[in-house]
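Notes to accompany the following structure.
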Amino acid sequence: MIKNIVFDMGKVLVDYDSSKVCRHFIEDVEEQKKVETAVFVSPEWILMDMGVLPEKDALEKICRRLDTEHEKEMAKICLAHWHEYCMWEKEGMAELVRDLKEAGFGIYLCSNASLRLLDCYKDVIPGIEYFDGVLFSAEVKCMKPQREMYGHLFERFGLKPEECFFVDDLQLNIDGAKECGMDGYCFADGDVQKLRSVLFGLG
């Protein structure tokens, strides 16, 4: 029997576009692309999500790949402010989370994200007041779909895998959850009404 719904964050609870912060601060289109790649499509970004590289050190490494002082300054600004521009609530998710909670489900978050999110997630995640627990990868220095990530989720909140159902936008993360005994649904199409039908059909 499913008692708990576990949500991913990016492209599930919130929509995400890393280019938005670059477009906001940088006028030149080519520079936008260059800075976005250097910051967000980088090994440093992954290492920050894993919690093994502080932002200050990540920025130093990122800037070494950029050519001009202006590019480096823009990278610094975009890294500092990305969470203010790149994430926004997915329409219908706050209501879905509320309705699931009112139906008696436990509500949890399991997301690959850097320590930055610990300071701002309450301003970003829809229906956050209904969540029973939040886990970010950087806290435990591993990431989905690693088994350890799901293990930390179950252990921290005292959950039984077979009583949990996971919603993520990437199939490999659903597959990783299933290997640990937690069934799930790939939300790649972003169809909230379809997801609602799936979740309320679990009982």
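Numbers here are sequence positions counted from 1.
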> Looking at Phe200 and Ala103, what are the two nearest heavy atoms and their distance?
Replying inline: CE2-CB, 3.8 Å

> Going by heavy atoms in the side chains, are Asp8 and Val167 under 4.5 Å from each other?
Replying inline: no

> So which heavy atom on Gly176 is nearest to which on Tyr150, and how close?
Replying inline: C-CE1, 3.6 Å

> Just by modelled atom types, is the Phe136 backbone N or O under 3.5 Å from a matching donor or acceptor in the Ser111 side chain?
Replying inline: no

> Should Asp17 and Lys11 count as an ion pair when the cut-off is N to O under 4.0 Å?
Replying inline: no

>> Can you give me the closest heavy-atom contact between Gln32 and Cys22, atom names plus distance?
In response: CG-O, 3.8 Å

> Can the positive tip of Lys20 be found less than 6.0 Å from the middle of the six-membered ring of Trp88, inside 45° of the ring normal?
Replying inline: yes

> side-chain contact (heavy atoms from CB on, under 4.5 Å) between Met149 and Ser137: does it pass, once the steps are laid out?
Replying inline: CA-CA 7 Å; Met149 182 69 175; Ser137 56; 3.8 Å; yes

> Could you state the interatomic distance from SG (Cys78) to CZ (Phe25), rounded to the nearest 0.5 Å?
Replying inline: 6.5 Å

>> For a 4.5 angstrom cut-off between non-hydrogen side-chain atoms, does Ile125 reach Leu109?
In response: yes

> Are Leu195 and Met93 side-chain neighbours, meaning at least one heavy-atom pair lies under 4.5 Å?
Replying inline: yes

> Cluster question for you: counting only ILVMFWY and a side-chain heavy-atom cut-off of under 4.5 Å, with indirect links fine, are Ile128 and Met87 together?
Replying inline: yes

> Are any non-hydrogen side-chain atoms of Leu153 and Met182 less than 4.5 angstrom apart?
Replying inline: yes

>> Using 0.5 Å steps for rounding, measure from the CG atom of Asp169 to the CE atom of Met9.
In response: 11.0 Å

> Just wondering, are more than 12 heavy atoms of other shown residues or ligands nearer than 6.0 Å to CD in Glu155?
Replying inline: no

> Is it true that Lys34 and Asp28 make a salt bridge, defined as a side-chain N closer than 4.0 Å to a carboxylate O?
Replying inline: no

> Distance from Asn173 atom CG to Asn112 atom CG, nearest 0.5 Å?
Replying inline: 6.0 Å

> From Gln171 CD over to Asp175 CG, what is the distance, rounded to the nearest 0.5 angstrom?
Replying inline: 4.5 Å

> If you measure from CD on Glu36 to NZ on Lys33, what distance do you get to the nearest 0.5 Å?
Replying inline: 9.5 Å

> With a 4.5 Å limit on heavy-atom distance, are the side chains of Phe131 and Tyr121 in contact?
Replying inline: no

> In terms of side-chain geometry, is the basic nitrogen of Glu44 or Arg65 positioned less than 4.0 Å from the acidic oxygen of its partner?
Replying inline: yes

>> So which atom in Ile174 and which in Gly184 form the shortest heavy-atom distance, rounded to 0.1 Å?
In response: CG2-C, 4.0 Å

>> Quick check against the 3.5 Å criterion: does Arg23 have a side-chain atom that pairs as donor or acceptor with the backbone of Val29?
In response: no

> Between Val6 and Val12, is there a shared hydrophobic cluster once you connect ILVMFWY residues whose side-chain heavy atoms come closer than 4.5 Å?
Replying inline: no

> Glu89 side chain to Pro126 main-chain N or O, any donor-acceptor pair under 3.5 Å?
Replying inline: no

> What pair of heavy atoms forms the shortest contact from Ala113 to Leu117, and how long is it?
Replying inline: CB-CG, 3.9 Å

>> Go through it in stages, so that I can follow the logic: the residues are Cys110 and Lys144, the test is side-chain contact (heavy atoms from CB on, under 4.5 Å), and I'd like the CA-CA distance, side-chain angles, deciding distance and then a yes or no.
In response: CA-CA 9 Å; Cys110 182; Lys144 298 173 298 180; 4.1 Å; yes

>> I want to know whether Phe165 and Phe105 have ring centres closer than 6.0 Å.
In response: no

> How many angstroms lie between atom CG of Leu47 and atom NZ of Lys61, to the nearest 0.5 angstrom?
Replying inline: 8.5 Å

> Linking I/L/V/M/F/W/Y whenever any side-chain heavy atoms sit under 4.5 Å apart, do Trp82 and Val124 land together?
Replying inline: yes

>> Taking Gly106's backbone N and O only, do any of them form a donor-acceptor pair with Asp132's side chain (distance below 3.5 Å, no angle check)?
In response: no

> Take atom CD in Glu162; do more than 12 heavy atoms of anything else shown fall under 6.0 Å from it?
Replying inline: yes

> Backbone N or O of Asp67 within a donor-acceptor pair of the Glu71 side chain at under 3.5 Å?
Replying inline: yes

>> Just so I know, are the side chains of Phe166 and Tyr185 near enough to count as touching, which here means a heavy-atom distance under 4.5 Å?
In response: no

>> Do Ile107 and Leu100 make a side-chain contact, defined as non-hydrogen atoms from C-beta onward lying under 4.5 Å apart?
In response: yes

> Between Tyr108 and Phe157, is the ring centre distance below 6.0 Å?
Replying inline: yes

> side-chain contact (heavy atoms from CB on, under 4.5 Å) between Thr68 and Lys72: does it pass, once the steps are laid out?
Replying inline: CA-CA 6 Å; Thr68 69; Lys72 295 175 183 180; over 6 Å; no

>> When you group the ILVMFWY residues by side-chain heavy-atom contacts below 4.5 Å and let the links chain together, are Ile46 and Met48 in the same group?
In response: no

> When you check the gap from the basic side-chain N to the acidic O, do Arg156 and Glu139 get nearer than 4.0 Å?
Replying inline: yes

> Should His24 and Glu84 be marked as a side chain to side chain donor-acceptor pair (under 3.5 Å) after you check the CA-CA gap, both sets of side-chain angles, and the distance that decides it?
Replying inline: CA-CA 11 Å; His24 180 82; Glu84 299 168 19; over 6 Å; no

>> Could you go through Leu13 and Lys90, starting from their C-alpha distance and side-chain angles, then the distance that decides it, and tell me whether this counts as side-chain contact (heavy atoms from CB on, under 4.5 Å)?
In response: CA-CA 6 Å; Leu13 293 169; Lys90 181 179 283 292; over 6 Å; no

>> Is there a path of hydrophobic side-chain contacts, each under 4.5 Å between heavy atoms, that joins Met143 and Leu170?
In response: no

> If every non-hydrogen atom of Gly127 is compared with every non-hydrogen atom of Val97, which pair is closest and at what distance?
Replying inline: O-CG1, 3.7 Å

>> Is the shortest side-chain heavy-atom distance between Glu73 and Glu69 below 4.5 Å?
In response: no

> What do you reckon, is NZ of Lys101 surrounded by more than 12 foreign heavy atoms closer than 6.0 Å?
Replying inline: yes

